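Okay, so here's the structure we're looking at.
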Amino acid sequence: MSFRDENEEARDLRKPFLHTGSWYRMGSRQSSMLGSSQAIRDSSVSVLACVLIVALGPIQFGFTCGYSSPTQSSIMKDLRLTVPEYSVFGSLSNVGAMVGAISSGQIAEYIGRKGSLMIAAIPNIIGWLAISFAKDSSFLYMGRLLEGFGVGIISYTVPVYIAEIAPQNLRGGLGSVNQLSVTIGILLAYLLGLFVPWRLLAVLGILPCTVLIPGLFFIPESPRWLAKMGMTEESETSLQVLRGFDADISIEVNEIKRSVATTSKRTTIRFAELKRRRYWLPLMIGIGLLMLQQLTGINAVLFYSSTIFAAAGVKSSNAATCGLGAVQVLATAVTTWLVDRAGRRILLIVSTAGMTFSLLIVSVVFFLKDLTPDTSNLYSILSILSVVGVVALVVFFSLGLGAIPWVIMSEILPINIKGLAGSMATLANWFIAWLVTMTANLLLEWSNGGTFAIYMLVSAFTMAFVMLWVPETKGRTLEEIQFSFR
């Protein structure tokens, strides 16, 4: 079989996932009537529509993360689970996500970004159904693993797809929609969990993916992935739809062709080639940011926020947790607005500096509380300060470190190693998330103040890492960013 025949066979296998969207057949006859301003508006509308559809994936992601919090007592009571058994249930989503992360890059490279999201949606739906009909822990565990697997694929594919379709002046804000959708999904799980039984809540968890699957048939595939696969005509058609039928896409088409020219003959690289600066530097930055995002302990802090609220005298810790989720959504929305105005790097510096200061406050407060009688007025003041510190921590995390590492990862990785490197970065993020969550309880039993002091030191290191290594990617095309590492 010739090289050409192999390409045609591979292309035939991918055809079910390459549906370019129903609007491909719309508007071309009217393109001559559109002015340049109309083309710009069409571009924004088309890209925003694509982002809103794929954002259902991160909403599913967030709903999975938030589901275990409001349902713990009812699931344990109905299925007679012990605390360790329920802890296993909660952590299995991370295990499934690690498996999904390992395969996410290769799936997204072979069948495309849209096909990858379709693959991710199926185990999510099956997983929620398994949980909703669970009679014992086995179905509960199986459902959680399947959800995690789908979430692992989603967490890599969505930011990459958004980065590859977005205009350079909107890429940061649209990329931040990924994390904003995650926080919305968490908040929805918290709010609905106050009123809805856990089995019905699991059924509601199916909705994002059941809407996502048909929605994927109405959006175009990533033009950069199509170009990499040698589908030049489809790539240009996809880009034309995304930018508007009257837009001049020749410059962007040439940049994409230039970027994929070096990878058209060989899509893999040897391990020895990773020593080259163009590979090891973006790899270090992308993986480093996603690991440090979790090592700052944000998941552990959110997991134990109810304990801190209870210590401060808050009567309803569940309602307070919902309030914290709402704060996270608002702060992430601000990031979505700021990231293309202020830039990625400055927001990361402000975010990590604020997190370091907030963690310092919480750490000092816990050390002082250990030395203060719990009946004194000072103890009550310290409890309130601990709540303020936790809220400030969540706000500063959401302003930068929550969303931007995913944006930067999707921007800086060279196209010929994006699948493998993206899988590695996503796997590292999920592994550290699991590690931090599993060790947080032991650390807090050792010392509350000491635990937050460790997270503070990691946050300070993250700030130094950003200042020394992370480049500003605002206002640059993906090709310009990746060529800058050469």
Side-chain angles (χ1 to χ4, degrees), residues 10 12-22 50-68 89 92-134 138-162 178 181-182 184-186 188-189 198-222 225 419 422-423 426-427 430:
D12 289 339
L13 289 172
R14 298 184 184 102
K15 278 184 179 179
F17 303 100
L18 296 180
H19 185 72
T20 50
S22 62
C50 295
V51 170
L52 290 178
I53 289 173
V54 299
L56 291 166
I59 288 176
Q60 178 75 80
F61 177 175
F63 202 89
T64 300
C65 295
Y67 177 81
S68 59
F89 167 71
L92 280 177
S93 62
N94 288 336
V95 176
M98 283 189 274
V99 178
I102 293 171
S103 58
S104 61
Q106 297 306 309
I107 293 174
E109 288 303 302
Y110 186 72
I111 62 175
R113 310 334 186 193
K114 288 172 53 180
S116 180
L117 289 175
M118 289 181 189
I119 294 295
I122 296 171
N124 266 289
I125 293 173
I126 297 173
W128 284 118
L129 288 174
I131 290 175
S132 64
F133 291 106
S138 59
F139 263 67
L140 208 63
Y141 293 166
M142 181 186 71
R144 194 69 169 169
L145 276 171
L146 288 171
E147 286 175 23
F149 178 78
V151 162
I153 298 175
I154 287 169
S155 62
Y156 165 76
T157 308
V158 170
V160 168
Y161 177 79
I162 293 174
N178 175 63
S181 300
V182 173
I184 291 173
I186 293 173
L188 285 174
W198 66 272
R199 292 186 188 276
L200 180 56
L201 189 62
V203 174
L204 294 176
I206 298 172
L207 293 178
C209 281
T210 54
V211 178
L212 173 64
I213 291 175
L216 290 170
F217 287 95
F218 292 90
I219 64 175
E221 180 56 89
S222 161
W225 179 80
S423 291
T426 308
L427 174 62
W430 280 107

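Remember, predicted model here, so these are calculated numbers, not experimental data. Numbers here are sequence positions counted from 1.
For the pair Glu109 and Trp225, the tightest heavy-atom approach, listed with the atom from each and the gap, is O-NE1, 2.7 Å. Listed here is the closest heavy atom pair of Lys114 and Glu221: N-OE1, 3.3 Å. Closest of all the heavy-atom pairs between Gly105 and Tyr156 is CA-CE2, 3.7 Å.
The structure places OG of Ser423 at 9.5 Å from CD1 of Ile153, a figure rounded to the nearest 0.5 Å. Between the CD1 atom of Ile213 and the CD1 atom of Ile53 there is a distance of 13.0 Å, given to the nearest 0.5 Å. Leu92 CG to Leu145 CG: the interatomic distance, rounded to the nearest 0.5 Å, is 4.5 Å. The structure places CZ of Phe61 at 7.5 Å from CD1 of Ile186, a figure rounded to the nearest 0.5 Å. For the atom pair Cys65 SG and Asn94 CG, the distance stands at 7.5 Å (nearest 0.5 Å). Note that the CD1 atom of Ile219 and the OH atom of Tyr161 stand 3.5 Å from one another [nearest 0.5 Å].
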Residues 121-132, side-chain donor-acceptor partners within the protein, below 3.5 Å, at least two apart:
| residue | atom | partner | partner atom | Å |
| --- | --- | --- | --- | --- |
| Asn124 | ND2 | Ala120 | O | 3.0 |
| Trp128 | NE1 | Gly205 | O | 3.3 |
| Ser132 | OG | Trp128 | O | 3.3 |
| Ser132 | OG | Leu129 | O | 2.8 |

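Thr210 places a side-chain N or O within 3.5 Å of a backbone atom of Leu207 that can act as its donor or acceptor partner. No donor-acceptor pair under 3.5 Å is formed between the side chain of Gln60 and the backbone N or O of Val151.
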- prompt: What's the verdict on side chain to side chain contact (heavy atoms under 4.5 Å, CB included) for Trp430 and Ser155, showing C-alpha distance, side-chain angles and the deciding distance?
  reply: CA-CA 10 Å; Trp430 280 107; Ser155 62; 3.2 Å; yes

message: The test is side chain to side chain donor-acceptor pair (under 3.5 Å); show your working for Ser104 and Thr426 and say whether it passes.
response: CA-CA 9 Å; Ser104 61; Thr426 308; 4.8 Å; no

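Taking the six-membered ring where tryptophan is involved, the planes of Phe89 and Tyr67 are perpendicular, since the angle between them exceeds 60° and thus also 30°.
The closest side-chain donor-acceptor pair between Thr157 and Ser116 falls under 3.5 angstrom.
With sequence neighbours excluded, the residues that form a salt bridge (Lys or Arg N to Asp or Glu O under 4.0 Å) with Arg144 are Glu147. By the side-chain contact (heavy atoms from CB on, under 4.5 Å) test, Pro58 pairs with Ile154, Val158, Asn178, Ser181, Val182, sequence neighbours left out.
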